[in-house]
Asks: 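Take a look at this one; I'll ask things after.
Numbering of ligands and ligand atoms starts at 1, following listing order. These figures come from a predicted structure and were not determined experimentally.
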Amino acid sequence: MISKAIKIAPATGKLGVVIPGMGAVSSTFIAGVEAVKKGLAKPIGSLTQMGTIRLGKRTEDRIPKIKDFVPLASLEDLVFGGWDIFSDDIYQAGLKSGVLERSLLDQVKPALEAIRPWTAAFDKSYVRRLDGTHVKKAASKMELAEQLQDDIKIFQKRNNLSRTVMVWCASTEVFLKPSAVHQTIESFERGLRENDPAIAPSMIYAYAAIKAGIPYANGAPNLSADIPALTRLAKDRNIPICGKDFKTGQTLMKTILSPGLKARMIGLNGWFSTNILGNRDGEVLDDPDAFKTKEESKLSVLEHILQPKLYPDLYSKYTHKVRINYYPPRGDNKEGWDNIDIFGWLGYPMQIKVDFLCRDSILAAPLVLDLVLFLDLAQRCGMSGIQEWLSFYFKSPMCAPELYPEHDLFIQLMKLKNTLRHLKGEELITHLGLEYYD
Ligand SMILES: NC(=O)c1ccc[n+]([C@@H]2O[C@H](COP(=O)([O-])OP(=O)(O)OC[C@H]3O[C@@H](n4cnc5c(N)ncnc54)[C@H](O)[C@@H]3O)[C@@H](O)[C@H]2O)c1
């Protein structure tokens with residue numbers, strides 16, 4: 001199937017990246033981009049920088065790099081800004097988070113020291129384990145949204161930016177369910193003016209981004225833009241949005257392994273996942289209400305991949321548990337264990353054990369980069385509203401209300417690459433391949 005190529009505006013000029021939350025993930029991302037720009041390291045883990053895309057038939061040998069196939073902003077053109085409840089610049093934030101070595105941070109120190117967070121739109125009732133003084137004061141949540149838009153405008157003007165993207169990398173907020181105030185743009189704006197407690201800071205940032213005309217991605221599991229009022233506003237204003245919750249360590253493994261088990265019709269009795277981590281994110285998730293937001297996000301993937309209704313003999317009775325334990329000695333170097341009880345031919349039981357000694361922010365940083373570049377591309381292509389083709393990056397992918405989310409990493413990747421082929425008017429790849437044998 002070949003579609004007509006879409007008109008894509010060129011990636012000329014500077015691209016601003018504004019980030020609520022300048023902690024471990026943000027500092028690892030920004031320092032990483034600066035290090036790559038200087039040739040000190042490679043952008044490992046980034047599909048936009050290292051990935052290729054096959055075009056046409058396997059015999060044609062046309063396999064460009066993704067960044068040479070679609071017009072993405074160059075790393076040289078990225079300009080960073082953001083908000084935090086602590087006033088540390090990105091060099092200090094990088095040192096404190098303890099992810100990257102000081103020797104690396106020192107080599108890009110001037111660029112990092114120049115990035116000082118703006119005061120945050122923060123309310124402790126949504127992130128109870130943190131206290132910060134670098135916060136905005138306002139009479140209403142609407143006024144906070146206006147202040148955030150002012151920050152963005154000043155940043156855009158000062159840096160002569162052509163375009164801007166926002167990625168939420170701030171702490172996970174307490175669990176909230178969508179309620180009446182989230183349903184329409186009118187009820188949401190009334191809620192902002194009347195300080196409705198169901199409107200969390202992450203929603204105020206998402207609203208500010210959409211109103212400022214800039215795409216928004218949510219790297220945490222809290223609802224943020226995933227409410228009808230904001231998905232509608234994004235659609236009406238032609239703004240691409242996506243989320244939620246970067247798919248990194250244990251859930252990444254889960255969405256790699258479980259499609260494989262299902263592909264071979266191997267049954268599942270149980271999947272027990274536990275983690276220890278000691279960074280600030282772990283401390284925030286030590287609050288049961290913040291953990292509940294994360295737990296919901298982590299639990300949903302298996303059910304959607306395994307489809308128990310279609311395969312009752314294999315997947316209708318499994319137990320799935322997820323635990324996160326805050327354990328300071330490990331810092332950002334998380335350890336995640338999975339015990340997977342499976343069964344095969346005639347029901348004979350077997351076990352798989354996974355012990356993933358991962359580095360949370362090292363896995364998350366390239367996702368931030370890809371999301372920035374792909375969201376900017378989406379906007380230049382005129383794509384708006386929920387960008388389901390970016391599900392590849394998320395534990396709880398946003399999708400249209402009548403759909404279930406697609407969690408299988410390999411289907412997600414195929415969807416992403418076919419979207420790029422579609423944008424460029426290239427043949428979509430179905431892997432049918434019968435023509436090779438005619
Ligand atoms: N690292 C990963 O692998 C990964 C995976 C999935 C999701 N996430 C999510 O990404 C987010 C960032 O993770 P991290 O490890 O960098 O955490 P972190 O605690 O190091 O950084 C988060 C920062 O957000 C700030 N913050 C909190 N509320 C804010 C607000 N309202 N406005 C502005 N700043 C605010 C905090 O002060 C902190 O500096 C977390 O929500 C985490 O759950 C991370």
Side-chain angles (χ1 to χ4, degrees), residues 18-31 45 81-90 92-100 117-136 141 144-145 147-148 151 166-174 199-206 208 217-224 243-253 275 277-287 290-291 293-295 297-298 324 326 331-334 336 356 358-368 371 393-396:
V18 289
I19 311 180
M22 307 204 88
V25 172
S26 306
S27 55
T28 308
F29 158 60
I30 297 172
W83 301 264
D84 205 288
I85 66 169
F86 302 109
S87 60
D88 295 335
D89 62 48
I90 286 288
Q92 289 165 326
L95 278 183
K96 280 192 186 160
S97 67
V99 179
L100 300 176
W118 311 310
T119 51
F122 180 73
D123 182 336
K124 191 175 162 59
S125 15
Y126 303 88
V127 184
R128 294 183 205 132
R129 295 286 152 104
L130 294 186
D131 258 319
T133 49
H134 195 60
V135 296
K136 295 191 188 306
K141 294 186 177 183
L144 281 177
Q147 290 184 24
L148 293 173
D151 292 339
M166 185 188 290
V167 184
W168 173 272
C169 293
S171 312
T172 298
E173 297 171 331
V174 296
I199 298 182
S202 65
M203 296 174 184
I204 307 178
Y205 282 96
N218 175 15
N222 30 258
L223 285 173
S224 193
K244 317 181 293 272
D245 205 5
F246 300 130
K247 178 151 88 174
T248 52
Q250 198 165 50
T251 310
L252 174 67
M253 286 300 143
N275 296 273
L277 83 159
N279 56 14
R280 195 187 281 155
D281 186 31
E283 192 179 351
V284 168
L285 294 173
D286 211 31
D287 170 5
F291 175 65
T293 316
K294 196 59 134 183
E295 188 184 24
S297 175
K298 283 176 164 266
I324 297 180
Y326 176 50
D332 201 64
N333 295 352
K334 182 161 88 174
F356 190 9
C358 69
R359 293 173 186 264
D360 246 7
S361 302
I362 293 293
L363 291 168
L367 310 197
V368 184
L371 286 165
Y393 295 104
F394 297 110
K395 285 202 223 8
S396 299

Asks: Out of Ala121, Pro201, Pro117, Gly219, whose heavy atom sits nearest atom 30 (C) of ligand 1?
Replies: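 Nearest option to atom 30 (C) of ligand 1, by heavy atoms: Ala121.
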Asks: Give the single entry among Leu277, Thr251, Thr248 that approaches atom 4 (C) of ligand 1 most closely by any heavy atom.
Replies: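 The option holding the nearest heavy atom is Thr248.
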Asks: So, is Ser26 polar-close to ligand 1, with some N/O to N/O distance under 3.5 Å?
Replies: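 No: no nitrogen or oxygen of Ser26 is under 3.5 Å from one in ligand 1.
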Asks: Under 4.0 Å from a heavy atom of Ala364: give me the atoms of ligand 1 that qualify, with their elements.
Replies: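 Every atom of ligand 1 under 4.0 Å from some heavy atom of Ala364: 1 (N), 2 (C), 3 (O).
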Asks: What atoms of ligand 1 come within less than 4.0 Å of a heavy atom belonging to Ala24?
Replies: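 Answer, ordered by atom number: 15 (O), 16 (O), 18 (P), 20 (O), 21 (O).
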Asks: Does any N or O of ligand 1 fall below 3.5 Å from an N or O anywhere on Lys395, backbone included?
Replies: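 No; every N/O pair is 3.5 Å or more apart.
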Asks: What atoms in ligand 1 come closer than 4.0 Å to a heavy atom of Asp245?
Replies: 6 (C), 7 (C)
Asks: Show the atoms of ligand 1 that are less than 4.0 angstrom away from any heavy atom in Cys169.
Replies: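 With Cys169 as reference, the close atoms of ligand 1 come out as 11 (C), 12 (C), 22 (C).
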Asks: Provide the number and element of each atom of ligand 1 under 4.0 Å from a heavy atom of Leu130.
Replies: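 Ligand 1 atoms under the 4.0 Å threshold to Leu130: 36 (C), 37 (O).
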Asks: Would you indicate which of Ser171, Ala220, Ala170 comes nearest to atom 11 (C) of ligand 1 when only heavy atoms are counted?
Replies: Ala170
Asks: Which ligand 1 atoms does Phe86 reach within 4.0 Å, using its non-hydrogen atoms?
Replies: 37 (O)
Asks: For ligand 1, which atoms have a heavy atom of Val25 less than 4.0 angstrom away?
Replies: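 Selected atoms, number and element: 1 (N), 13 (O), 14 (P), 15 (O), 16 (O).
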Asks: Can you figure out which of Tyr205, Phe122, Trp83, Trp118 has its heavy atom closest to atom 32 (N) of ligand 1?
Replies: Tyr205
Asks: Verify the distance criterion only: is there a donor paired with an acceptor across the side chains of Ser125 and Asp123 at less than 3.5 Å?
Replies: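 On atom types as modelled, these side chains qualify, holding a pair under 3.5 Å.
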Asks: Under 3.5 Å, N or O to N or O, is Ala120 touching ligand 1 that way?
Replies: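 In fact, backbone or side chain, Ala120 has no N or O that close.
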Asks: Nearest 0.5 Å, what's the CG-NZ distance between Asp245 and Lys395?
Replies: 3.5 Å
